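Throughout, numbering of the chain's residues begins at 1 and tracks the sequence. Note that the structure is predicted; figures quoted are calculated from it, not measured.
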Amino acid sequence: MAKRAIPEINAGSMADIAFLLLIFFLVATTMDVDSGLSRKLPPMPESDQQETNSEINERNVLIVLVNKDDQLMVEGEVMDIKDLREKTKEFITNPNNDEDLPEFVEKEIPLFGIVPVSKQVISLQNDKGTTYGMYLRVQNELIAAYNELRNELSLQKFGKKYDDLDLDNPVELEKADAIKDIYPQSISEAEPKQIGG
């Protein structure tokens, strides 16, 4: 009885097929887009710049804490996230010149003249267990407070929202810079730590 030869499979083109499938799946697969925050870091200090020990008055700091259970505490009081924007706007503007809210310093701002500018700083502290979603929501509310104040001032002074100013136009860029000088975004973030339950 003669042995039958086992037919061989030509595997020479298998590598080509695998490579084509790999390329197909790389091209056809969609990737999740991470959400994040757009931040511009401050410039590096110049080499000859002296360190200043500037003390910040306690009344000029709004303390915002988020614990591991995503609970928000502002100035020692538990607060709902939906109230954070208005609280922040009130803190920044200090409309009634309250002694517990930030003080003002007179500055000369182009297009506005000499105006009072708040010495406000928002201090944000998160717990290590804070969810990223809550972190983003708090950041969004704080940024929205600044944006709303800038939009209101721009509408009042220039008849156009701050968000609608054309930054490629030198005249409108000067307006935007002046508004940013009046409402500078001062958010200080401390390294996350165990805030508590």
Side-chain angles (χ1 to χ4, degrees), residues 32-46 49 52 54 56-66 72 74-75 77 79-126 132-190:
D32 287 339
V33 178
D34 291 334
S35 57
L37 301 170
S38 174
R39 287 283 186 267
K40 183 177 180 182
L41 296 175
M44 289 288 291
E46 296 185 23
Q49 183 175 340
T52 58
S54 58
I56 296 177
N57 192 334
E58 193 175 309
R59 75 181 265 192
N60 296 333
V61 180
L62 179 70
I63 299 172
V64 179
L65 303 172
V66 185
L72 181 67
V74 179
E75 290 294 304
E77 295 178 17
M79 180 177 287
D80 194 276
I81 187 84
K82 66 179 174 48
D83 300 325
L84 180 60
R85 186 179 309 187
E86 287 306 314
K87 176 75 173 177
T88 304
K89 285 171 64 174
E90 178 188 2
F91 176 79
I92 294 168
T93 58
N94 189 2
N96 301 321
N97 206 12
D98 190 336
E99 289 186 9
D100 293 332
L101 295 177
E103 54 196 335
F104 293 91
V105 61
E106 298 281 322
K107 282 190 177 179
E108 183 160 350
I109 307 289
L111 305 174
F112 286 88
I114 296 175
V115 294
V117 176
S118 175
K119 296 170 83 174
Q120 51 80 27
V121 174
I122 297 172
S123 174
L124 176 59
Q125 176 76 52
N126 294 287
Y132 190 60
M134 182 61 171
Y135 171 78
L136 284 178
R137 288 178 63 203
V138 170
Q139 284 280 349
N140 287 340
E141 290 301 311
L142 295 175
I143 301 301
Y146 283 104
N147 289 342
E148 284 183 12
L149 289 171
R150 289 174 177 177
N151 280 330
E152 290 167 10
L153 179 61
S154 184
L155 272 172
Q156 177 187 347
K157 180 75 174 175
F158 306 119
K160 190 175 190 180
K161 281 186 171 183
Y162 172 82
D163 291 337
D164 296 336
L165 293 174
D166 180 10
L167 302 183
D168 293 329
N169 179 335
V171 173
E172 292 201 354
L173 178 61
E174 184 181 18
K175 292 176 183 178
D177 288 342
I179 292 169
K180 282 196 288 191
D181 288 344
I182 293 175
Y183 291 124
Q185 186 174 302
S186 302
I187 300 175
S188 170
E189 277 189 74

Report task. Run the salt-bridge test on Lys87 and Glu77 with the 4.0 Å N-O cut-off and return the result as yes or no. Result -> no
Requested in this report: Check step by step if side chain to side chain contact (heavy atoms under 4.5 Å, CB included) holds for Tyr162 and Leu153.
Outcome: CA-CA 8 Å; Tyr162 172 82; Leu153 179 61; over 6 Å; no
I'd like to check [X] versus [Y] (side-chain heavy atoms, cut-off strictly below 4.5 Å). Are they in contact?
X      : Y      : answer
Ile182 : Leu149 : no
Gln125 : Ile63  : no
Phe91  : Val74  : no

Might you point out which heavy atoms bring [X] and [Y] nearest each other, and give the distance in Å?
X      : Y      : result
Leu62  : Glu75  : CA-OE2, 3.3 Å
Arg59  : Leu101 : NE-O, 2.6 Å
Asn126 : Leu124 : ND2-CG, 3.9 Å
Ile114 : Glu106 : CG2-OE1, 3.2 Å
Ser123 : Val61  : CB-CG1, 3.8 Å
Ile81  : Arg137 : CG2-NH2, 2.8 Å

Determine yes or no for a side-chain-to-main-chain donor-acceptor pair under 3.5 angstrom, with [X] supplying the side chain and [Y] the backbone.
X      : Y      : value
Asn94  : Glu103 : no
Glu108 : Gly113 : no
Tyr183 : Glu148 : no
Ser118 : Ile92  : yes
Gln120 : Phe104 : no
Asp163 : Asn151 : no
Ser154 : Arg150 : no
Asp98  : Asp100 : yes

Interatomic distance, [X] atom [atom1] to [Y] atom [atom2] [nearest 0.5 angstrom]:
X      : Y      : atom1 : atom2 : result
Asn147 : Leu142 : CG    : CG    : 11.0 Å
Ile179 : Lys161 : CD1   : NZ    : 13.0 Å
Leu72  : Lys82  : CG    : NZ    : 11.5 Å
Lys175 : Leu173 : NZ    : CG    : 11.5 Å
Leu65  : Met79  : CG    : CE    : 11.5 Å

Kindly check if the number of other-residue, nucleotide or ligand heavy atoms within 6.0 Å of [atom1] ([X]) is above 12?
X      : atom1 : answer
Lys89  : NZ    : yes
Lys107 : NZ    : no
Glu99  : CD    : no

Query raised in the report: Does a side chain donor of either Tyr135 or Glu189 reach within less than 3.5 Å of an acceptor in the other side chain?
Result: yes
**Report entry** Full working for side chain to side chain contact (heavy atoms under 4.5 Å, CB included) between Asp181 and Val117
**Finding:** CA-CA 8 Å; Asp181 288 344; Val117 176; over 6 Å; no
Report task. Please step through side chain to side chain contact (heavy atoms under 4.5 Å, CB included) for the pair Lys180 and Asp177, ending with a clear verdict. Result -> CA-CA 5 Å; Lys180 282 196 288 191; Asp177 288 342; 3.7 Å; yes
Requested in this report: For side chain to side chain contact (heavy atoms under 4.5 Å, CB included), just list the numbers for Glu172 and Lys160, CA-CA rounded to whole Å, side-chain angles, deciding distance to a tenth of an Å, and then say yes or no.
Outcome: CA-CA 10 Å; Glu172 292 201 354; Lys160 190 175 190 180; 2.9 Å; yes
